Amino acid sequence: MDKEEFVAWQARTENSRFKWTEDEIYRLNGRGVFYYMGGVDGIYMAAGKDGTFVIGTYEGAIPHIGEASFTKKAEIRCADFSVAFEKAVNAGGKKFLADVFSAGAPDIPSKRAYPPNHKKGRGGYGR
């Protein structure tokens with residue numbers, strides 16, 4: 001990993017401080033889904049391909065979640081992946097749903113998010 005990659009991974013980890021983040025590598029490796037929140041130290045939950053639902057804490061995600069130490073707090077064996085994923089949704093609640101399914105919307109919109117002629121409080125673009 002070069003310095004640029006290290007910085008990019010650190011930024012991704014930092015972005016998880018206040019919102020649930022998916023570890024896409026976990027999913028792409030065919031293991032199920034893995035979500036975490038908290039930055040360098042935080043909480044995680046996973047729904048395994050085999051139907052296992054796990055929730056716990058992690059520490060030391062520097063530069064990324066793959067480098068963390070994990071402590072399992074609870075494990076539930078479910079009938080299948082769908083039931084385990086439903087447990088994750090229920091455990092995470094509305095915030096989890098908003099964070100994970102928000103299509104990567106920015107946390108704080110920048111001024112560049114609006115066209116140059118946008119007037120605030122006028123009900124639309126350039127009105």
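Numbers here are sequence positions counted from 1. What you see is a predicted model; the values in this text were computed from it and never measured.
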message = Closer than 4.0 angstrom, basic N to acidic O: yes or no for D99 and K95?
response =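 Answer for the salt bridge query: yes.
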ask   = Is R77 salt-bridged to E75, going by a charged N under 4.0 Å from an acidic O?
value =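 Looking at E75 together with R77, the answer is yes, because their closest N to O distance falls below 4.0 Å.
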Hphob cluster co-occupancy, [X] + [Y], side-chain heavy atoms under 4.5 angstrom:
X    : Y   : answer
V100 : Y26 : no
V40  : V7  : no
F18  : Y35 : no
I76  : V54 : no

Using 0.5 Å steps for rounding, measure from the [atom1] atom of [X] to the [atom2] atom of [Y].
X   : Y   : atom1 : atom2 : value
E22 : R27 : CD    : CZ    : 4.0 Å
R17 : Y36 : CZ    : OH    : 14.0 Å
R31 : I25 : CZ    : CD1   : 11.0 Å
I65 : T13 : CD1   : OG1   : 7.0 Å
E5  : Q10 : CD    : CD    : 13.0 Å

ask   = Which residues pass the side-chain contact (heavy atoms from CB on, under 4.5 Å) test with D80, sequence neighbours left out?
value =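 Scan of D80 (side-chain contact (heavy atoms from CB on, under 4.5 Å), adjacent residues dropped) gives S82, V83.
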query = Mind checking what makes side-chain contact (heavy atoms from CB on, under 4.5 Å) contact with T71, not counting sequence neighbours?
reply =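 Here the qualifying residues are T57, K73.
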inquiry  = Do V89 and L97 have side chains that approach each other closer than 4.5 Å (heavy atoms only, starting at C-beta)?
reply    =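 The answer is yes; the side chains approach within 4.5 Å.
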inquiry  = Do S16 and M37 make a side-chain contact, defined as non-hydrogen atoms from C-beta onward lying under 4.5 Å apart?
reply    =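 No - every pair of side-chain heavy atoms lies 4.5 Å or more apart.
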message = Restricting to non-hydrogen atoms, name the atom on A61 and the atom on G39 that form the minimum distance, rounded to 0.1 Å.
response =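 Closest heavy-atom pair between A61 and G39: CB-O, 4.0 Å.
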task = Specify the closest pair of heavy atoms between F53 and A84, including all atoms of both residues, with the distance to one decimal.
result =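 Closest approach of F53 to A84: CD1-O, 3.7 Å.
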List the atom pairs, donor and acceptor, that lie under 3.5 Å between side-chain atoms in residues 43-51 and the rest of the protein, sequence neighbours left out.
| residue | atom | partner | partner atom | Å |
| --- | --- | --- | --- | --- |
| D50 | OD1 | T52 | N | 3.0 |
| D50 | OD1 | T52 | OG1 | 2.9 |
| D50 | OD2 | T52 | OG1 | 3.2 |

ask   = Is the backbone of G66 close enough, under 3.5 Å, to the side chain of D23 for a donor and an acceptor to pair up by distance?
value =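 Answer holds: no.
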ask   = Would you call the rings of F81 and F85 parallel, tilted or perpendicular if under 30° counts as parallel and over 60° as perpendicular?
value =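 F81 and F85: parallel rings.
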message = Would you call the rings of F101 and F96 parallel, tilted or perpendicular, taking 30° and 60° as the class edges?
response =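 Because their plane-to-plane angle is over 60°, the rings of F101 and F96 count as perpendicular.
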task = Using the ring-ring contact (aromatic ring centres under 6.0 Å, His included) rule, take F34 and Y58 through it: C-alpha gap first, then chi angles, then the decisive distance, then the call.
result = CA-CA 12 Å; F34 184 96; Y58 69 88; 7.8 Å; no
task = I would like to know whether I62 and F6 meet side-chain contact (heavy atoms from CB on, under 4.5 Å); could you show each step before the answer?
result = CA-CA 9 Å; I62 299 173; F6 187 89; 4.2 Å; yes
ask   = Quick check: are there more than 12 heavy atoms from other residues, nucleotides or ligands sitting under 6.0 Å from CD of E24?
value =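 Above 12, so yes.
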